[in-house]
Amino acid sequence: MLFGKEHVKRYVETDGEEGHDWEGTQTLILTTTGRKSGQQRSNPLIYQPYGDDLLVVASKGGDDQPPAWYLNLRDNPEVQVQVKGDRFAARARTATPEEKPDMWRTMVSTWPAYDEYQKKTDREIPVIVLERA
C-alpha cells in the first residue's frame, strides 16, 4: 500500500497512474509551503470534486492536533495541486460554516471513516476548498 513520501514519489513519477486510485477512493498531491521552514511539503490526500473546486479534509485520523499541511496553508493559502497528470496552482481556504455540511457529506461519501475521526476529537475537523488559480 502506498503511503506518505513513497506515495508522493510514485504518484509524481507516474502522473498518478500509481497512487491516484487508493483504497477504494482517489487522491491528489497537495504541496504547501512550510510555515517555519519555507520548504515545499507534499502530501497525498483523499479528494472529491465539488463544482469547479476540489475538497480535502484536514482530519489527521481524528487526532486532536491538525495536520501540519493545514497549518501551512492557513499561513500561506497559495498551494500547488496535482490530480493525475494535471498540475496547477490553487488557493486553499477553509469551508465556511454554511458550506461545510454539504461538503462534509460529499467527503464522507468517498471516505466514511471521516465521521469516525470526528467522533474521536473535540477539534472541529475542517473541509478545505481548493480553488484553481
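In this text the structure is predicted, and so the values were computed from the model without any measurement.
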Answer whether the closest heavy-atom distance between the side chains of [X] and [Y] falls below 4.5 Å.
X	Y	value
Ile29	Val81	no
Trp69	Ile128	yes
Arg93	Pro77	no
Leu28	Leu30	yes
Val56	Ile46	no
Val57	Trp104	yes
Leu71	Arg74	yes
Pro49	Gln26	yes

Main-chain N/O of [Y] paired to [X] side chain as donor or acceptor, under 3.5 Å:
X	Y	value
Glu17	Thr14	no
Glu78	Ala89	no
Ser59	Gly62	no
His20	Val83	no
Tyr11	Thr27	yes
Thr106	Asp102	yes

First locate atom [atom1] of [X], then atom [atom2] of [Y], and finally report the distance between them rounded to the nearest 0.5 Å.
X	Y	atom1	atom2	value
Gln48	Asp53	CD	CG	13.5 Å
Lys100	Leu55	NZ	CG	12.0 Å
Asn76	Thr32	CG	OG1	8.5 Å
Thr121	Glu116	OG1	CD	13.5 Å

Item to check | From CA spacing to verdict: side chain to side chain contact (heavy atoms under 4.5 Å, CB included), Gln82, Phe88 | outcome: CA-CA 6 Å; Gln82 180 176 343; Phe88 56 92; over 6 Å; no
If only side-chain N and O atoms count, and only distance matters, is there a donor-acceptor pair under 3.5 Å linking [Y] with [X]?
X	Y	result
Thr33	Gln40	yes
Tyr70	Thr94	yes
Asp63	Tyr117	no

Charged N-O contact under 4.0 Å between [X] and [Y]:
X	Y	answer
Glu18	Lys9	no
Arg132	Asp86	yes
Asp15	Arg87	yes

Next on the checklist: To check you understand the geometry: which heavy-atom pair defines the closest contact between Pro67 and Ala58, and what is its length?
Outcome noted: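 Pro67 and Ala58 have their closest heavy atoms at CD-O, 3.6 Å.
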Is the number of heavy atoms from other residues, nucleotides or ligands under 6.0 Å of [X] [atom1] greater than 12?
X	atom1	value
Glu131	CD	yes
Asp52	CG	no
Lys84	NZ	no

